[in-house]
Amino acid sequence: MLTVQLANAGFYEISWPTQVIEGTTFIRPGARESVRVFLPRDSSEVEVYAGALKDGQLVYQGPAETAAQLALLGNRNN
């Protein structure tokens, strides 16, 4: 379900170099920075990175339900 929401938000799955923890990485490039989301396999948590693709900073790590609310922060209508 989260993968569908990410796709609808403009993210696409990418191949990422070998990781210690198995999972899926999604990216949404932007004019100033990229947003990268890592979904660890067999976990309900996510990791969200912002900045350069390779050297992005971790901005969120926790339950996927809370990560879905992060999009509201960027919506200036709220």
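Source: prediction; values computed, not measured. For this chain, numbers begin at 1 and follow the sequence in order.
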How many angstroms lie between atom CZ of Phe38 and atom CD of Gln61, to the nearest 0.5 angstrom?
10.0 Å
Spatial distance of atom OG1 (Thr24) from atom CG (Leu6) [nearest 0.5 Å]
10.0 Å
What's the spacing between Leu39 CG and Thr3 OG1 if we round to 0.5 Å?
7.5 Å
Would you indicate whether the side-chain heavy atoms of Thr25 and Arg36 approach each other to under 4.5 Å?
yes
Mind checking the CD-CD1 spacing from Glu13 to Ile27? Nearest 0.5 Å is all I need.
12.5 Å
So if I apply the side-chain contact (heavy atoms from CB on, under 4.5 Å) rule between Tyr49 and each of Val37, Leu58, Val59, which one comes out positive?
Leu58
Correct closest heavy-atom pair for Tyr12 and Pro29 would be CE2-CD, 3.7 Å
Tell me every residue that passes side-chain contact (heavy atoms from CB on, under 4.5 Å) with Ala9, counting only those two or more places apart in sequence or in another chain.
Phe11, Arg28
side-chain contact (heavy atoms from CB on, under 4.5 Å) with Ser44: which residues, sequence neighbours excluded?
none
For Glu33, check side-chain contact (heavy atoms from CB on, under 4.5 Å) against everything at least two apart and list the hits.
Ala50
Closest heavy-atom pair and its distance - Val46, Pro63:
CG2-O, 4.5 Å
Using the rule given for side chain to side chain contact (heavy atoms under 4.5 Å, CB included), can you reason through Val48 versus Val35, listing the C-alpha separation, both sets of side-chain angles and the distance that settles it, and then say yes or no?
CA-CA 7 Å; Val48 180; Val35 178; 4.0 Å; yes
If you measure from CD on Glu45 to OH on Tyr60, what distance do you get to the nearest 0.5 Å?
7.0 Å
